[in-house]
Amino acid sequence: MKVLVTGANGFVGRALCAHLASGRHHVVAAVRASHTGMQAQQIVTIDALDQNTDWRNAFQGVDAVVHLAARVHILRVDAGDSAGEFQIINVAATLNLARQAAAAGVKRFVFLSSVKVNGEVSPPGQPFCELDTPNPQDHYGHSKYEAEKGLRQIADTTSLQVVIIRPPLVYGPGAKANFGALMAWVARGWPLPLGGIHNIRSLVGLDNLVDFVATCLTHPAAANQTFFVSDRQDISSTALVHALADAAGVRAHLLPVPASLLMAMARSLGKGAAAQRLCQTLQVDTTKAGELLGWVPPVSLQLGLKHAMRSQRRP
């Protein structure tokens, strides 16, 4: 199978290209600038990602597209992540790509969406499932939901099969943002105020996510479906720090600060969104992926965290 991967030089994209290439797929990697060291048979450079991008030269012989490229959610309050920018890149550019793929005779379009389509916090004991009413809370979540709706309309009116994947937090070697910072803090043995967090979070390791994407590329039952994916080993933030420390072979230093106090302090420093991710519950139900596709995560949470912590250098 010949597969076009957008965002191929990103955190997920590089791992996915390597995974697909090892499975004897012909990988066409779409990137914003030329990159070396990527495991792909062909690299296509895209000048800009918007509603006017011309993809025709990239579709020659392509059977499927995995669309990873996106404007991601930005946690800094001064980042200028306006609704318009998310609309252009995450919605208009996505639908432009899908329409051109359908016109070129591409069979399947796999779209990496986000759990944020459903919201920021799941009710206690009620993990999000595919039948729940979406409830996005920020520009990023709204843009992913709008893209999903547009893709379904394209699937309804063309022969293009669309598969939508909503992952929770993705971790792995080289993870950036909050999770990357957390791994670095744990590896250095820094005290963390996370000893009193009793939430439950779903996570998905990079190896598990790319394996699931590969499954969705080829499984007949995945056509025109939406899926949640995770490691299926949900964990509290406190337990996560202990697991990361175990994976790194260091001792966890945790201060038992109540979640309510931690949230209040974080809000006063403009870090409320980051604290919410550490303190509140967000679970997903992956029953559909198991029952419809027979998919089982190939890598356990413990092994995934060990792989991730290998990227940290102890001082």
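Atoms considered below: every heavy atom in the structure, side chains included; atoms not considered: hydrogens, waters and symmetry mates. Here the structure is a predicted model, which means the values were calculated and not measured.
The two residues Cys17 and Ala8 come nearest to each other via the heavy atoms SG-CB, 3.8 Å. Contact between Phe11 and Gly172 at its shortest, heavy atoms only, is CZ-N, 3.7 Å. Here the closest heavy-atom approach between residue Arg232 and residue Trp295 is recorded as NH2-O, 2.8 Å. In terms of heavy-atom proximity, Ala243 sits nearest to Leu305 at CB-CD1, 3.6 Å. The two residues Ala187 and Met309 have their closest heavy-atom pair at CB-CE, 4.0 Å. Pro168 and Val229 get closest at one heavy-atom pair: CD-O, 2.9 Å.
Partners of Trp55 according to the ring pair (Phe, Tyr, Trp, His ring centres under 6.0 Å) rule, which considers only residues two or more places apart in sequence or in another chain, do not exist here.
Residue pairs meeting the ring-ring contact (aromatic ring centres under 6.0 Å, His included) criterion with at least one partner in residues 150-171, sequence neighbours excluded, are Tyr171-Phe179.
Using a cut-off of 4.0 Å between Lys/Arg side-chain N and Asp/Glu carboxylate O, Arg152 and Glu148 are scored as salt-bridged. With salt bridges taken as basic N to acidic carboxylate O contacts below 4.0 Å, one links Arg71 and Glu85.
In this structure, CG on Leu49 lies 6.5 Å from CZ on Arg32, to the nearest 0.5 angstrom. Distance NE2/His253 to CH2/Trp185: 15.5 Å, rounded to 0.5 Å.
By the neighbour-count criterion of 12 heavy atoms within 6.0 Å, atom NZ of Lys2 is densely surrounded, having more than that number from other residues, nucleotides or ligands. Within 6.0 Å of CG on Asn57 lie no more than 12 heavy atoms contributed by other residues, nucleotides or ligands.
Side-chain contact, Ser202 with Asp234: a donor N or O sits under 3.5 Å from an acceptor N or O. Side chains of Asn135 and Gln137: a donor-acceptor N/O pair is present below 3.5 angstrom, by distance only. For the residue pair Gln302 / Gln233, a side-chain donor-acceptor distance below 3.5 Å is found, with atom types taken as modelled. Under the 3.5 Å distance criterion, with hydrogens and angles disregarded, no donor-acceptor pair is assigned to the side chains of His198 and Ser236.
Paired with Phe228 under the rule side chain to side chain contact (heavy atoms under 4.5 Å, CB included), one option of Thr287, Val204, Asp132, Val115 passes, and it is Val115.
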